[in-house]
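Comments concern the structure below.
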Amino acid sequence: MLGGVWLVLIVTAVAVAGATGRVEQVTQAAMESARAAVETALNLAGVMALWLGLSRIAQESGLMQALARLLAPVTRRLFPSVPPDHPALGAVAMNLSANLLGLGNAATPMGLKAMQELQKLNRGDPEEATPAMCTFLVLNTSSVTLIPGTLIALRAAQGSRSPADIVVPTLVATAVSAAVGIAVDAMLRRRWARRGG
């Protein structure tokens, strides 16, 4: 489907360029865009390698585990259906810690592990997400971010003079999104419980 859309766009652009006598400009723009894409990817790869290395150091040094322990009281309250000593809470806390540090892709394996552990507690339809899984999805997508590493990397790759200027706005925006997400999740969970879910 998407390939077809791209094909239509390219054919249309070439046809319009041919009709208006601007084929050379289209070719030049395509080459410049391809070069810019490679330069951006290479710059981004360097900064991402730095952040992934720092995340590895955070894991090896125990910083991530310390954050997970710090978040334990919150995760126990947000996931009352999960036993306190279940591995799902540890995976959830690790994922939230990674998102808190803005580690982006580094948080994904922990998120998948958390979902696997939460699925083990699913006593109903295995094709249907439990309230705990929904809560985790909300937290994962609207998580509070202290250091938006990926965005800082993108801004640095694009030549921003102050790529870290977005730290405070990002913290405020993610705090609001997380608060709204948790509130809506709690409201829907109560409605679901009243219906006997």
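Everything quoted here is computed from the prediction, not taken from an experiment.
- Closest approach of L121 to P83, counting heavy atoms only: CD1-CD, 4.0 Å.
- Hydrophobic clustering of Ile, Leu, Val, Met, Phe, Trp and Tyr side chains at less than 4.5 Å, counting indirect connections, keeps L96 apart from V138.
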Notebook entry, point to check: Would L137 and M115 count as a side-chain contact (heavy atoms from CB on, under 4.5 Å) if you check the C-alpha gap in whole Å, the side-chain angles of each, and the deciding distance to 0.1 Å?
Noted result: CA-CA 9 Å; L137 186 62; M115 274 297 185; 4.2 Å; yes
Next item on the list: Tell me, with the steps shown, if L171 and T145 meet side-chain contact (heavy atoms from CB on, under 4.5 Å).
Entry: CA-CA 6 Å; L171 177 60; T145 303; over 6 Å; no
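- When all heavy atoms of V144 and A175 are compared, the closest pair comes out as CG2-CA, 3.9 Å.
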Next item on the list: List the steps, then state whether side-chain contact (heavy atoms from CB on, under 4.5 Å) holds for N140 with V92.
Entry: CA-CA 9 Å; N140 188 39; V92 167; over 6 Å; no
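- Looking only at distances, a side-chain donor or acceptor of N122 sits under 3.5 Å from a matching main-chain atom of E128.
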Next item on the list: Check the pair V16 / T12 against side-chain contact (heavy atoms from CB on, under 4.5 Å), numbers first and verdict last.
Entry: CA-CA 6 Å; V16 171; T12 303; 4.3 Å; yes
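- What you find for C134 and A129 is that their closest heavy atoms are SG-CB, 4.0 Å.
- Q119 places a side-chain N or O within donor-acceptor distance of the main-chain N or O of P126, the cut-off being under 3.5 Å.
- Annotation: side chain of V167 is not in contact with side chain of I147 (no heavy-atom distance under 4.5 Å).
- Atom CD1 of I152 is separated from atom OG of S160 by 10.0 Å, given to the nearest 0.5 angstrom.
- Open room surrounds CD on E24; 12 or fewer heavy atoms of other groups in view lie less than 6.0 Å from it.
- Using a 4.5 Å cut-off on side-chain heavy atoms (C-beta onward), R155 and D165 make contact.
- Judged as a side-chain hydrogen bond (donor to acceptor under 3.5 Å, both in side chains), and not counting sequence neighbours, T141 has no contacts.
- Side-chain atoms of R22 do not come within 3.5 Å of backbone N or O of A19 as any donor-acceptor pair.
- Under the side-chain hydrogen bond (donor to acceptor under 3.5 Å, both in side chains) criterion, Q116 pairs with no residue, sequence neighbours left out.
- The CG atom of L118 sits 8.0 Å away from atom OG of S81, with the distance rounded to the nearest 0.5 Å.
- Clustering ILVMFWY residues whenever any of their side-chain heavy atoms sit less than 4.5 angstrom apart, transitively, puts L89 in the very cluster that holds V74.
- In terms of hydrophobic clustering, with Ile, Leu, Val, Met, Phe, Trp and Tyr side chains grouped at heavy-atom distances under 4.5 Å, V82 and F136 are assigned to a common cluster.
- When atom types are taken as modelled, the side chain of T130 and the backbone of M133 share a donor-acceptor pair closer than 3.5 angstrom.
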For residues 176-187, tabulate all N or O donor-acceptor pairs below 3.5 Å that involve a side-chain atom, not counting sequence neighbours.
{"unit_1": "S177", "atom_1": "OG", "unit_2": "S142", "atom_2": "O", "d": "3.4"}
{"unit_1": "S177", "atom_1": "OG", "unit_2": "A173", "atom_2": "O", "d": "3.4"}
{"unit_1": "S177", "atom_1": "OG", "unit_2": "T174", "atom_2": "O", "d": "2.9"}
{"unit_1": "D185", "atom_1": "OD1", "unit_2": "T135", "atom_2": "OG1", "d": "3.3"}
{"unit_1": "D185", "atom_1": "OD2", "unit_2": "T135", "atom_2": "OG1", "d": "2.7"}

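- The main-chain N or O of P131 is found under 3.5 Å from a side-chain atom of R189 such that the two form a donor-acceptor pair.
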